[in-house]
2 protein chains.
Amino acid sequence: MNETQGGDRRRRKGLDNPTLDDVAREAGVSSITVSRAIHRPDSVRETTRNKVEAAIAKVGYVPNMVAGSLASASSRFIPVIVPSLSNVVFVEVIQGLQAQFDQHGYQMLLGNTDYSMQREEELIRTFLGWSPTALVTTGLRHQPGLSALLERFPRPLVEIMELGPALDMNVGMDHEKAGAAMADHLIARGYRHIVFAGTRLESNYRAAQRYAGHRTRLEKAGLAAPLMEWHQDSHFDLGATALDEVRRHHPGVEAIHFVDDVMASGALLGAQRQGLRVPDDIAIAGFTGLPFGRSLMPRLTTISSPREAIGRLAASQIIDRLEGRDPERQIDVGFALLEGEST
Amino acid sequence: MNETQGGDRRRRKGLDNPTLDDVAREAGVSSITVSRAIHRPDSVRETTRNKVEAAIAKVGYVPNMVAGSLASASSRFIPVIVPSLSNVVFVEVIQGLQAQFDQHGYQMLLGNTDYSMQREEELIRTFLGWSPTALVTTGLRHQPGLSALLERFPRPLVEIMELGPALDMNVGMDHEKAGAAMADHLIARGYRHIVFAGTRLESNYRAAQRYAGHRTRLEKAGLAAPLMEWHQDSHFDLGATALDEVRRHHPGVEAIHFVDDVMASGALLGAQRQGLRVPDDIAIAGFTGLPFGRSLMPRLTTISSPREAIGRLAASQIIDRLEGRDPERQIDVGFALLEGEST
DNA sequence: GTGAAAGCGCTAACAT
DNA sequence: ATGTTAGCGCTTTCAC
């Protein structure tokens, strides 16, 4: 009907939302003034700001973030690469990150590698196409090509979970020390025939680091350090299965050091179903520090790390850097051995 | 040194990556041909495609997704709004979504409302600025302004978790029926003094729907349906606390119908620590169907729903629609009552 | 404090 | 099968 209104200039598909120009026309200013009123309100006169705000409300303006990102060559996206979401540890890390990012107006882009370094590289290459503001990825080991790419990434980069020579910033804990700490505990409790039970150690190499620490201490004590490994994801029910298989292959086993609390708890409950006494017949230790392991009877001996803090601290490093401050480059969040009655 | 190389045309900041034009120059074709070779390889001659691929590799081209999205007025982003990541249910839904989206080249944008409808509206308004391809949000209830906005969203929209009159597509289960089913079970087992124990029911209204179903059945059976509510997130340790408080306020309580397995399991283990016999002294029921509840002794009676399937199906609805097929508009994933020995 | 002009890197539309 | 042209909606730069 009214050809002047709306116009027929926009020929493309899409959401066809009002633009900065529509707001500008409505407010009787130029589009750049609208942009300023939105992003740096102090840089425009109050009367102008009010006109603009009224116009925004009237036309129902929603900023087009895509156009903004293209023009400024920077989005407010921060990709976060984790190996798994089946493991609560990473979910808690993500929550820590998200809480901070939300507060500062950054949007997380979640990538799940399923413990594949090749997938990590693919994901990061794709994410780089979104002009990310910063990057968070898990671990210090990457495909060679990816390391080279990341070295040239001119924005904040945090490698999380483990500690070591990082490309930029780093927050995590020492997994080898954690494995050693648990081994020391088991030795001190008098166990001599100790088996380490893990899953997918070739890809979940932080678990392998814990085993390495464990093994070092056992061997120093003159003990063998047998390992049993399952080639599937750690899972609650796998714990009970693993218990059976460990006892079958190692008839004299006195203690099992599990790769995480999920399997350890499954094993503990499985042992009880079979009428085994924990720790007298079999001692069980975990890793992670999950609440339900600590509520079992006997309570599960485990190692806990501040997971949500890893996320929070990684986000703070990034935000500090982006806001011109000079954050710590490496943060050791530490860990704590929680003694229960399961060992 | 060499001023011709690199050039000084790009004056802006940013990642300064090679562009389509750089690839085109290298390959001796036009930029649109490069674009075609990337997106519709069949539309260019094989020799051309090979030249382009070589050029891409040589210059290390990474497509600028931001520019592509602006030009096409559509990103490959699909926002997914959930109320919480502390609840495994939503994590599993997200995994189901992500697996499908990954396969089809869509990128999830995760938003966490913390059970706030106002936050939901803010998040979605922001996400709309990213020209999303589709949208997934939790629940059928939204702020009025948001519902109006979503009704006009011209792309696939799925409301997940519960069933009812949806704005576009819908996948979930009937929570009222689930609550009723558990109530029926408890009544059939002979319990008469049954308490429903929940958290934050005003915002977690699907839990409130389960209580409503529960209450209907109890009242039909001539029983009272007392409710106890805690105003914090459901948490493992809260289960044991809740058990104590329910028993204090309802001395004759025979069974507790918990809002979820996390609290129910915490209560079950708490009961055992106190030397209470489950279910003789107190029967305990949950909701969710988590593996560890099913491994306790006695096994937790609960209701399980296919959570990962909700994610997978929601993603399929979207992808079907985007690819021109005509998916089911409403999918009931159903639920199953899993009887354990805890009731 | 405000504006005009010039792109950001890509894809849609219309050639050829 | 390939190229030319004209934007997408915003921010940067440089003027006033």
Side-chain angles (χ1 to χ4, degrees), chain A residues 7-25 27-52 55-56 59-76 128-131 133, chain B residues 7-25 27-52 55-56 59-76 128-131 133:
Chain A
D8 44 317
R9 298 256 303 293
R10 262 196 292 280
R11 285 134 33 203
R12 316 293 260 277
K13 302 159 200 170
L15 271 19
D16 214 47
N17 286 322
T19 71
L20 220 42
D21 276 322
D22 297 329
V23 178
R25 207 172 303 121
V29 297
S30 73
S31 61
I32 185 63
T33 300
V34 178
S35 174
R36 288 186 182 120
I38 292 170
H39 298 292
R40 300 175 59 252
D42 294 337
S43 70
V44 300
R45 207 181 303 149
E46 187 174 345
T47 53
T48 312
R49 189 163 62 244
N50 294 147
K51 277 190 296 182
V52 169
I56 286 173
V59 306
Y61 175 67
V62 176
N64 184 324
M65 311 295 274
V66 179
S69 299
L70 179 62
S72 64
S74 164
S75 69
R76 294 185 74 83
L128 287 177
W130 285 107
S131 304
T133 293
Chain B
D8 44 317
R9 298 253 303 293
R10 264 195 290 283
R11 287 139 27 210
R12 317 292 260 277
K13 303 159 197 169
L15 271 17
D16 213 44
N17 286 324
T19 72
L20 220 42
D21 276 322
D22 296 328
V23 178
R25 205 171 306 120
V29 296
S30 74
S31 61
I32 187 68
T33 300
V34 178
S35 175
R36 289 187 183 121
I38 292 170
H39 298 292
R40 301 174 58 251
D42 295 338
S43 71
V44 299
R45 205 182 306 149
E46 188 175 343
T47 54
T48 312
R49 187 162 63 245
N50 294 146
K51 276 191 296 183
V52 168
I56 286 174
V59 306
Y61 175 67
V62 176
N64 184 324
M65 312 294 275
V66 179
S69 299
L70 179 61
S72 65
S74 165
S75 69
R76 293 187 74 84
L128 287 178
W130 286 106
S131 305
T133 292

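All heavy atoms count here, side chains included; hydrogens, waters and symmetry mates do not. To find a chain, count down the sequence lines: A is the first, B the second, and so on, and within it residues start at 1.
Residue A/S69 holds its OG atom at 9.5 Å from CG of B/N64, rounded to the nearest 0.5 Å. To the nearest 0.5 angstrom, B/D42 atom CG is 6.5 Å from B/R49 atom CZ.
Remark: A/R36 pairs with A/I32, A/S43, A/V44 by the side chain to side chain contact (heavy atoms under 4.5 Å, CB included) rule, at least two apart or across chains. Scored by the side-chain hydrogen bond (donor to acceptor under 3.5 Å, both in side chains) test, A/R25 finds A/D22 as partners (sequence neighbours excluded). Applying the side chain to side chain contact (heavy atoms under 4.5 Å, CB included) test to B/T133 and every residue at least two apart in sequence or in another chain returns B/S74, B/I78, B/Y106, B/L322.
The nucleotide whose nearest atom lies closest to any side-chain atom of A/S30 is, among D/dT4, C/dT11, C/dG3, C/dG3. Nearest to the side-chain atoms of A/Y61 among the listed nucleotides D/dC10, C/dC8, D/dT11 stands D/dC10. Of the candidate nucleotides C/dA12, C/dC8, C/dA4, C/dC8 has the atom nearest to the side chain of A/A71. Distance from the side chain of B/H39 is smallest to C/dT11 among D/dC10, C/dT11, D/dT11. Comparing atom distances between the B/T19 side chain and each of D/dT11, C/dA12, C/dG9 picks out C/dG9 as nearest. Nearest nucleotide to the side chain of A/I32, out of D/dC10, C/dT11, C/dA4: C/dA4.
The shortest heavy-atom contact between A/A24 and A/S30 is CB-C, 3.6 Å. Contact between B/L20 and B/Y61 at its shortest, heavy atoms only, is CD1-OH, 3.4 Å. Across all non-hydrogen atoms, the minimal contact from A/V29 to A/K51 is CG1-NZ, 4.2 Å.
Regarding A/R25, its CZ atom lies at a distance of 14 Å from the P atom of C/dG3, rounded to whole Å. One atom, CG of A/N17, and another, P of D/dC8, lie 14 Å apart when rounded to the nearest Å. One can place CG of B/L70 at 17 Å from P of C/dG7, the figure rounded to the nearest angstrom. Rounded to a whole Å, the NZ atom of B/K51 is 13 Å from the C1' atom of D/dG3. Note: CD1 (A/I38) to P (D/dC10) measures 8 Å, nearest angstrom. Atom CG of B/L20 is separated from atom P of D/dT4 by 14 Å (rounded to the nearest Å). Atom CG of A/N64 is separated from atom P of C/dC8 by 18 Å (rounded to the nearest Å). Atom P of nucleotide D/dC8 and atom CG of A/D21 are separated by 9 Å, given to the nearest angstrom.
A side-chain donor-acceptor contact under 3.5 Å links B/S75 to the backbone of B/W130.
For the contact set between residues 40-48 of chain A and DNA chain C, defined by any heavy atom under 4.0 Å, the members are A/S43, A/V44, A/R45, A/T48.
Counting non-hydrogen atoms under 4.0 angstrom, A/V66 reaches nothing in the nucleic acid.
Using a 4.5 Å cut-off on side-chain heavy atoms (C-beta onward), B/I56 and B/I38 make contact.
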Produce the list of close N/O pairs, under 3.5 Å, pairing protein atoms with atoms of nucleotides 14-16 of chain C; give distances to one decimal.
none

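Of the side-chain N and O atoms in A/T33, none sit less than 4.0 angstrom from OP1 or OP2 of C/dT2. At D/dC10, none of the side-chain N or O atoms of A/S35 fall inside 4.0 Å of OP1 or OP2 (strictly under the cut-off).
In this structure, the helix from C/dG1-D/dC16 to C/dT16-D/dA1 shows an angle of 20° between the axis at its start and the axis at its end, each fitted on 5 base pairs and rounded to 10°.
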